[in-house]
Amino acid sequence: DLAARMKVKASEVIAKLMGLGVMATMNQVVDIETATLIATDFGYEVEQGITEEIGIQLLDAQEEGGETKMRPPVVTVMGHVDHGKTSILDAIRKTDVAEGEAGGITQHIGAYHVRSKAGDVTFVDTPGHAAFTEMRSRGAQITDLVILVVAADDGVMDQTKEAINHAQAAGVPILVAVNKIDKDNADPDRVKRELSDFGLIPEDWGGQTIYCETSAKKNVGIDELLENIQLMAEMLELQADASRKAKGRVVEAQLDKGRGAVATVLIQDGTLRNGDYFVVGQYSGKVRAMRDDKGRPIREAGPSAPIEVQGLSGVPLAGDEFIVVTDEKMAKNVSQARSMKVRETELAAGSKISLDKLFEKM
Ligand code: GDP
Ligand code: MG
């Protein structure tokens, strides 16, 4: 079934499975991670889980009987410099009902989770638009919606347009926060008019875009903004099954002197636990320790949780997929196969260059 779906020979899939150390026959039942990895190797992006995309039967017993539930939305705040992105995020963070227990522990990683009265939200703090573009070019969709911050006294500026382009190209819905409404020269209607030219027509003008008027400085409209985030999340029907093995995306990663390779991972489905084996990009590993966004040690993390993972064999790239696999052997085989492929590609690119050089000389 898998081979047919990918329009390749069954023998090729079997060969690939053997390469991963899985001895398979034609009618072998493969589990979901294996199928996902094989599909990835054949150049297929498995986005929504293998059931929809490749259509094979879900046969891994552990994966059956799971229950999908609403998961918190993952939000990115974008907009022109000085329009108030940081201020809005700070104002939102102050509403965090869990902030008390955290005792003022500051943000630790490039993504964080807020428990507001309206509901939970995960914010991804992309360091500038570049990271967003890079991730998107690598097919990594981590954001469910974008909050576009536009200052009411300044209107649509260059980076506002850039943000709209990125979000629209990625097909991510936009919620507009018209900020700085406390200012004397604030003109929210002008912002609405200007943004309408980009297809962001306000609801009260017959369009579909939600606008919230905020003053991050005076703490006005922040609760409404959070309520509207939840409203959009409900419309988007964001689902996840916490009983599955975890799958996620790398938000950022680096080499830490004491702890080795460390990655911030956004869990997109399932639950990640200490001791789980995983593949991430061309590396593998075992979860040696996890921390939440406030730097506190945790033992497990569910859908939409941003966490820091320790125990990677190398530093992956932002946007790399993080997949939990059954055991160490699988994790190592896949990462080996992948890094070999990367080297092959590099070699191919290298030999092309040397050929070009050769022709230059001739
Ligand atoms: P960012 O570059 O988009 O992250 O913008 P900041 O959050 O750093 O804000 C830029 C400047 O605008 C700062 O001086 C803020 O104090 C100010 N600012 C942010 N929000 C508001 C607001 O609602 N009203 C007013 N009057 N000033 C604001
Ligand atoms: Mg800022």
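Counting starts at 1 for both ligands and their atoms, in listed order.
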With salt bridge (charged side-chain N to carboxylate O under 4.0 Å, His left out) as the criterion, how do Lys180 and Asp153 come out once you've worked through the C-alpha distance, each side chain's angles and the decisive distance to 0.1 Å?
CA-CA 7 Å; Lys180 306 200 187 185; Asp153 60 337; 5.1 Å; no

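Taking 2.8 Å as the criterion, Ser87 does not count as a coordinating residue of the Mg ion (ligand 2), since none of its N, O or S atoms falls below it.
With respect to atom 8 (O) of ligand 1, the closest heavy atom belonging to the protein is Thr86 CB, 4.1 Å. Of the protein's heavy atoms, Ser87 OG, 4.7 Å lies nearest to atom 13 (C) of ligand 1. Considering only non-hydrogen protein atoms, atom 27 (N) of ligand 1 sits nearest to Lys217 CD, 3.7 Å. What sits closest to atom 18 (N) of ligand 1 on the protein, heavy atoms only, is Lys180 CE, 3.7 Å. For atom 20 (N) of ligand 1, the closest heavy atom belonging to the protein is Asn179 ND2, 3.1 Å. Taking atom 5 (O) of ligand 1 as the reference point, the nearest protein heavy-atom neighbour is Gly84 N, 3.1 Å.
With salt bridges taken as basic N to acidic carboxylate O contacts below 4.0 Å, one links Arg259 and Glu308. For Arg190 and Glu194, the salt-bridge test passes: some basic side-chain N is under 4.0 Å from an acidic carboxylate O. Salt-bridge annotation for Arg71 and Asp269: absent, with no side-chain N of the basic residue lying under 4.0 Å from a carboxylate O of the acidic one. Using a cut-off of 4.0 Å between Lys/Arg side-chain N and Asp/Glu carboxylate O, Asp276 and Arg273 are scored as not salt-bridged.
Neither side chain, Asp292 nor His113, offers a donor N or O lying under 3.5 Å from an acceptor on the other.
For atom 3 (O) of ligand 1, a protein heavy-atom neighbour is found at a distance under 4.0 Å. Distance check on atom 25 (C) of ligand 1: some protein heavy atom falls below the 4.0 Å cut-off.
Closest approach of Met6 and Ile38 over heavy atoms only: CE-CG2, 4.1 Å.
Contacts between His80 and ligand 1 below 4.0 angstrom, taking non-hydrogen atoms only, involve the backbone exclusively. Proximity of His83 to ligand 1, defined as any heavy-atom pair under 4.0 Å, is confined to the backbone N, CA, C and O atoms.
Each of the following atoms of ligand 1 lies closer than 4.0 Å to a heavy atom of Ala216: 20 (N), 22 (C), 23 (O).
Judged by distance alone, with hydrogens and angles left aside, the side-chain atoms of Ser304 form a donor-acceptor pair with the main-chain N or O of Pro72 at under 3.5 Å.
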